[in-house]
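Numbers here simply count residues along the sequence, with the first being 1.
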Amino acid sequence: MAHLTDDEVADFLAGLLGPAQRSRLIQHLLKGCSLCRGKLVGAFPEVSGSAQLDPAGEAAPHTEAGTEEDYDPAIDRALAALPGRQSQWKSEKERLSEVLSVLQEAPAGRPLPLPLEQVQEFQGRPLVEALLQLSFEARYRDPESMKRLAAEAQAAADAIPAEAYEPGTIFDLRARAWAELANAHRVNDELDAAETALLEARRLRRQGTGDLLLLARVADVEASLRRGQRRISEACALLEEIHHLYLSLGQDHLAGRALISRGICLRTGDQPQVAVQSLQTGLSLLDAERDPQLAAIAQQALLDAMVDCGEFRRAAEILLESGLRQAFASDPLNLLRLRWVEGKILAGLGKPGRAEQILRTVRGEFRDRGLEYDAALAGLDLAAVWIQQGNAAELRLLAKDMLDTFRDLRIHREAVKALRFFRVACEQQVVTARMVSGVRSFLVRLQHEPELRFAPDLVG
């Protein structure tokens, strides 16, 4: 690729390049072209690496408390670099903890509406940042609160007076708030609303300072949305670009996070070998102390991908060394999924007795939780064990039970067709391990590609 023109630098910072152009540009930068790197840094001088400097020239401490502080440096740099804004920047960072304290003490866990005088006192970045932090912290335990808090952050950002900051800084803050609102809608399965909020975030970002960390964050939200929309290939391509962009900015932790998301997407897209590579590289970049929950989820995803690849012995070693049972001690559902992968590992290692015991328990607990689709997948894993054992009677009962359940619950008709095929094969005693594997793979793909149609030759 030839060196970047000034117009290409401007279009890149404004987010106007198409996916192919962005990918080529990022790859060119990563090859170490000092001339083009200089152009990029010259266009946005605050982006110069992983160390963020405060106005006194000392490295600003980085804290991680389960918040979106990974993206705070984008706003910090913009404020710190503006003449006459340094004191305001320091004051607002100091007040953030004060605002958080007031919001967290609000009755019934509802920070807003606050009394008018407090809203007026806290308006500006401290209020927006505090609401975004509380929204992020609620993402697992209370998705509705996550969405409400993100909407309040967006409203607070949009209400900031034009004279409060430089225009580009205001647009950055608003873009970030709209992006987090889009993410909250996605978490709540409101994909149309998420798409609308994302479009607004992208529009606002183009009017901002051009901060590359903010560009990466908006793209990160878009990748999560594309995955939720089952546009897996688009999500994987975006995450690959995001990973390279974070690396070019010296943000290894965030680059690792993007690769972990890509690995999970690749496994969803039935590419387990590539998923293993992506997850392993992502984990090597991730700072597990900053995000222990993500590290645990990534390790579990790696185990699942290894099992998909037939790497049972290595998966068993990782499981023993991982400490995942302790990590998920207070998370019953993830602990159950960990037990599930353990059962599959044991089956792959030729220990059908122990595998059967675990998979029976896992299937039963999924059913108790109303997770019939997961119960069916675990049931097919159990069926594979029973084929090894020659347990035809149990196979017939299992096949009938799964088919009846899917019919009664009116689960996707193509899934019912697949389970009907499985039941007939069991009744006629012609079922094979390959058939079971094929039916299972079809059900997994159907979750993310609902337009699929079942045909016996797909699993024969």
### Query
Is the shortest heavy-atom distance from the side chain of Asp374 to the side chain of Arg337 under 4.5 Å?
yes

### Query
Side chain of Ser278, backbone of Val274: donor and acceptor closer than 3.5 Å?
no

### Short side-chain to backbone donor-acceptor contact, His243 and Gly256, under 3.5 Å
no

Could you pull out all donor-acceptor pairs under 3.5 Å where a side-chain atom in residues 292-306 meets a protein atom, sequence neighbours excluded?
none

### Query
salt bridge (Lys or Arg N to Asp or Glu O under 4.0 Å) with Asp404: which residues, sequence neighbours excluded?
Lys400

### Query
Which residues pass the side-chain hydrogen bond (donor to acceptor under 3.5 Å, both in side chains) test with Arg325, sequence neighbours left out?
Glu342

## Note on the structure
Those residues at least two apart in sequence (or on a different chain) that pass side-chain hydrogen bond (donor to acceptor under 3.5 Å, both in side chains) with Thr405 are Arg367

### Task
Just jot down the salt bridge (Lys or Arg N to Asp or Glu O under 4.0 Å) partners of Arg363, sequence neighbours excluded, or say none.
Asp401

### Task
Examine distances only and state if a side-chain atom of Ser248 and a backbone atom of Leu245 form a donor-acceptor pair shorter than 3.5 Å.
yes

### Query
Are any side-chain N or O atoms of Arg174 and backbone N or O atoms of Asp158, one a donor and one an acceptor, separated by less than 3.5 Å?
yes

### Task
Just jot down the ring-ring contact (aromatic ring centres under 6.0 Å, His included) partners of Phe312, sequence neighbours excluded, or say none.
none

### Arg231: side chain to side chain contact (heavy atoms under 4.5 Å, CB included) partners, not counting sequence neighbours
Glu195, Arg226, Gln229, Glu234

## Note on the structure
With sequence neighbours left out, the residues meeting ring-ring contact (aromatic ring centres under 6.0 Å, His included) with Phe406 are Tyr373

### Query
Hey, are Glu190 and Arg186 close enough for a salt bridge, meaning a charged N less than 4.0 Å from a carboxylate O?
no

### Summary
Residue set satisfying ring-ring contact (aromatic ring centres under 6.0 Å, His included) with Trp178, at least two apart, ordered chain then number -> none

### Message
Going by side-chain hydrogen bond (donor to acceptor under 3.5 Å, both in side chains), name the residues that satisfy it together with Asp308, two or more places apart in sequence or in a different chain.
### Response
Arg267

### Query
For the side chain of Asn188 and the backbone of Ala184, is there at least one donor-acceptor N/O pair under 3.5 Å apart?
yes

### Arg230: salt bridge (Lys or Arg N to Asp or Glu O under 4.0 Å) partners, not counting sequence neighbours
none

### Query
Between Arg423 and Ala399, is there a donor-acceptor pair closer than 3.5 Å when you use the side chain of the first and the backbone of the second?
no

#### Entry: Expected output: side-chain Gln271 to main-chain Leu266 donor-acceptor under 3.5 Å
no

### Message
Test of understanding: with side-chain hydrogen bond (donor to acceptor under 3.5 Å, both in side chains), list the residues that count as partners of Arg413, not counting sequence neighbours.
### Response
none

### Task
Measure from the side-chain N and O atoms of Arg453 to the backbone N and O of Glu451, and report whether any donor-acceptor pair falls under 3.5 Å.
yes

### Salt-bridge present (Glu144, Lys147; N to O < 4.0 Å)
yes

